Peer 1: 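Before we start, here is the structure in question, set down as structure tokens.
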Amino acid sequence: MTSQHTVLLVGGTGRTGGRVLQQLLERGVAVRAIVRSASRLPADVAGRPGLTVIEADLLALNDADLLRHARGCDAVISCLGHTISLKGIMGSPHYLVAGAVERLCHAIRESRPEVPVKFILMSSVSVNRSGGLDTYRGAFDRFFMWVLRGLVPPARDNQRAADILQGIGTGDPFVQWVAVRPDTLLEDEVTEYSLHEGLVSTLFKPDSTNMGNVAHFMCELATDQAVWDDWAGKLPVIINASTIGE
Ligand SMILES: NC(=O)c1ccc[n+]([C@@H]2O[C@H](COP(=O)([O-])OP(=O)(O)OC[C@H]3O[C@@H](n4cnc5c(N)ncnc54)[C@H](OP(=O)(O)O)[C@@H]3O)[C@@H](O)[C@H]2O)c1
């Protein structure tokens, strides 16, 4: 099975990103994956037709090379995240996700695509929509997140990354975007899930989201124009259907 799509993927060696990669290849999508080490990719993707692996440090890649990798892609997916260790959380780069969003959006713009490129960011329910639109979050949750962003670099990074996209808005001729907000991640595969424009639970009574479901929705966004049209310029919250109302 082949499709007309080409996706540039960053974070493809991660737990969610690996699932995105597998699901894209199953759909016949051509994937360019920028990874620090190809040996960390899921074992069953090596040598698969349609996959191009670029071994490089994304934040150190020069502009010309990044532009070359971005040119001709109709979607870019970021599943980057800070390694869960003291060094990964508190060490540099503090702005891994936001830095990648900034560089990739710049490369997309430089490539001057005829049709806007779809930028799909793996974000988090800890991230707020601008303009106070996430009314479900009460004053205590908001205060807690404000403190967390002050103390924990990844929380600040995720908000900054989403703010860069929200700053682009919806009328850009070269970049359109969706920031997907999962709740507590589970290392499980695709099940039924639901999508919401705003938050549906508090930080202290969280829902769950399978990584497989995040990957499935990201692949739908990249390959189904109707799904894209529903969510472009938004920060959908994705949660497992089975957790609703628990
Ligand atoms: N944990 C949760 O419950 C939860 C909930 C909602 C949202 N999120 C967000 O979801 C995102 C992804 O989560 P995940 O668990 O799927 O991620 P993960 O398994 O930790 O994967 C992280 C990815 O980022 C890459 N990476 C890390 N540091 C890097 C660096 N300095 N330069 C280049 N690449 C780097 C890793 O590459 P290597 O393989 O080379 O290390 C890997 O591909 C994160 O942003 C997280 O904040 C998490």
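None of the values given here were measured: they were computed from a predicted structure. Order of listing sets the numbers, starting from 1, for every ligand and every atom in it.
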Peer 1: Looking only at heavy atoms, which two atoms of Pro206 and Asp183 are closest? And how far apart?
Peer 2: CB-OD1, 3.4 Å
Peer 1: Report, in ascending order of atom number, the atoms of ligand 1 lying under 4.0 Å from any heavy atom of Thr184.
Peer 2: 3 (O)
Peer 1: Could you tell me which non-hydrogen atom of Glu187 sits nearest to which non-hydrogen atom of Arg15, and how far apart they are?
Peer 2: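 Of all heavy-atom pairs spanning Glu187 and Arg15, the closest is OE2-NH1, 3.0 Å.
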Peer 1: Any idea which protein heavy atom is nearest atom 20 (O) of ligand 1, and the distance to it?
Peer 2: His82 O, 4.3 Å
Peer 1: Tell me, do Met122 and Thr16 make a side-chain contact under 4.5 Å, heavy atoms counted?
Peer 2: yes
Peer 1: Is Lys118 positioned over the aromatic face of Trp177, cation under 6.0 angstrom from the ring centre and no more than 45 degrees off axis?
Peer 2: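 Here Lys118 fails the 6.0 Å and 45° test against Trp177.
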Peer 1: Less than 4.0 angstrom from a charged side-chain N to a carboxylate O is my criterion; do Arg19 and Glu189 meet it?
Peer 2: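 Looking at Arg19 and Glu189, the cut-off is met.
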Peer 1: Tell me, which protein residue and heavy-atom name are nearest atom 16 (O) of ligand 1, and how many Å apart are they?
Peer 2: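 Its nearest protein heavy-atom neighbour is Thr16 OG1, 2.7 Å.
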Peer 1: Applying a heavy-atom cut-off of 4.0 Å, say which part of Asp183 lies close to ligand 1: side chain, backbone, both or neither.
Peer 2: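 Backbone only.
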Peer 1: For the 3.5 Å polar cut-off, considering only N or O atoms, please tell me whether Met122 and ligand 1 meet it.
Peer 2: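 No - when backbone and side-chain N and O of Met122 are compared with those of ligand 1, no distance drops under 3.5 Å.
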Peer 1: Which one of Thr13, Leu58, Val35 has a non-hydrogen atom at the shortest distance from atom 42 (C) of ligand 1?
Peer 2: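 Minimum heavy-atom distance to atom 42 (C) of ligand 1 goes to Thr13.
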Peer 1: Side chain, backbone, both or neither: which part of Arg40 has a heavy atom under 4.0 Å from ligand 1?
Peer 2: side chain
Peer 1: Pull out every atom of ligand 1 sitting under 4.0 Å from any heavy atom of Pro182, numbered as shown with elements.
Peer 2: 6 (C), 7 (C)
Peer 1: Hey, is Leu96 touching ligand 1 through its side chain, its backbone, both or neither, going by heavy atoms under 4.0 Å?
Peer 2: side chain
Peer 1: From atom 23 (C) of ligand 1, work out which of Gly81, Ser126, Ala33, Ala56 has a heavy atom at the shortest distance.
Peer 2: Gly81
Peer 1: Are any of the N/O atoms in Arg36 less than 3.5 Å from those in ligand 1?
Peer 2: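 For ligand 1, there is an N or O atom that lies under 3.5 Å from one belonging to Arg36.
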Peer 1: Go through ligand 1 atom by atom and flag the ones less than 4.0 Å from a non-hydrogen atom of Cys79.
Peer 2: 12 (C), 23 (C)
Peer 1: I need the nearest protein heavy-atom contact for atom 48 (C) of ligand 1: residue, atom name and distance, please.
Peer 2: Leu185 CD1, 3.3 Å
Peer 1: Considering only non-hydrogen protein atoms, determine which one is nearest to atom 47 (O) of ligand 1 and report residue, atom name and distance to 0.1 Å.
Peer 2: Asn158 ND2, 3.0 Å
Peer 1: For Ile239 and Val200, which heavy atoms make the closest approach, and how far apart are they?
Peer 2: CD1-CG2, 3.6 Å
Peer 1: Provide, to 0.1 Å, the distance between atom 34 (N) of ligand 1 and the closest protein heavy atom, together with that atom's residue and name.
Peer 2: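 Protein heavy atom with the smallest distance to atom 34 (N) of ligand 1: Leu80 CD2, 3.6 Å.
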Peer 1: Using ring pair (Phe, Tyr, Trp, His ring centres under 6.0 Å) as the criterion, list what pairs up with His5, not counting sequence neighbours.
Peer 2: none
Peer 1: Report yes or no: does Ser123 have a heavy atom closer than 4.0 Å to ligand 1?
Peer 2: yes
Peer 1: Applying a 4.0 Å heavy-atom criterion (strictly less than), which segment of Ser37 is in contact with ligand 1: side chain, backbone, both, or neither?
Peer 2: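 Neither part.
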Peer 1: Identify whether Phe217 and Leu186 are in the same connected component of the hydrophobic contact network (ILVMFWY, side-chain heavy atoms under 4.5 Å).
Peer 2: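 Shared cluster, no.
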Peer 1: Give a yes or no on whether Phe204 atom CZ has more than 12 heavy-atom contacts from other residues, nucleotides or ligands under 6.0 Å away.
Peer 2: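 Yes, enclosed.
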Peer 1: Which atoms of ligand 1 are found less than 4.0 Å from any heavy atom of Gly11?
Peer 2: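 By the 4.0 Å cutoff, the relevant atoms are 43 (O).
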Peer 1: Mark yes or no for whether Arg103, through its side chain, and Leu61, through its backbone, hold a donor-acceptor pair below 3.5 Å.
Peer 2: yes
Peer 1: State plainly whether the residues Glu55 and Arg36 are in salt-bridge range, i.e. N to O under 4.0 Å.
Peer 2: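 Looking at Glu55 and Arg36, the cut-off is not met.
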Peer 1: Please report which non-hydrogen protein atom sits nearest to atom 21 (O) of ligand 1, along with the residue it belongs to and the distance in Å to one decimal place.
Peer 2: Gly14 CA, 3.2 Å
Peer 1: Considering only distance and modelled atom types, tabulate donor-acceptor pairs under 3.5 Å from the side chains of residues 38-53, sequence neighbours left out.
Peer 2:
unit_1, atom_1, unit_2, atom_2, d
Ser39, OG, Ser37, OG, 2.7
Asp44, OD1, Gln22, NE2, 2.9
Asp44, OD2, Gln22, NE2, 3.2

Peer 1: Is the closest N or O pair between Gly17 and ligand 1 shorter than 3.5 Å?
Peer 2: no
Peer 1: Are the charged groups of Arg160 and Asp157 less than 4.0 angstrom apart, N to O?
Peer 2: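 No, this pair does not count.
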Peer 1: Return a yes/no value for Arg15: is any of its N or O atoms, backbone included, closer than 3.5 angstrom to an N or O of ligand 1?
Peer 2: yes
Peer 1: Of the side chain and backbone of Pro93, name the one, both, or neither that has a heavy atom under 4.0 Å from an atom of ligand 1.
Peer 2: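 Within the 4.0 Å criterion, Pro93 contacts ligand 1 through side-chain atoms alone.
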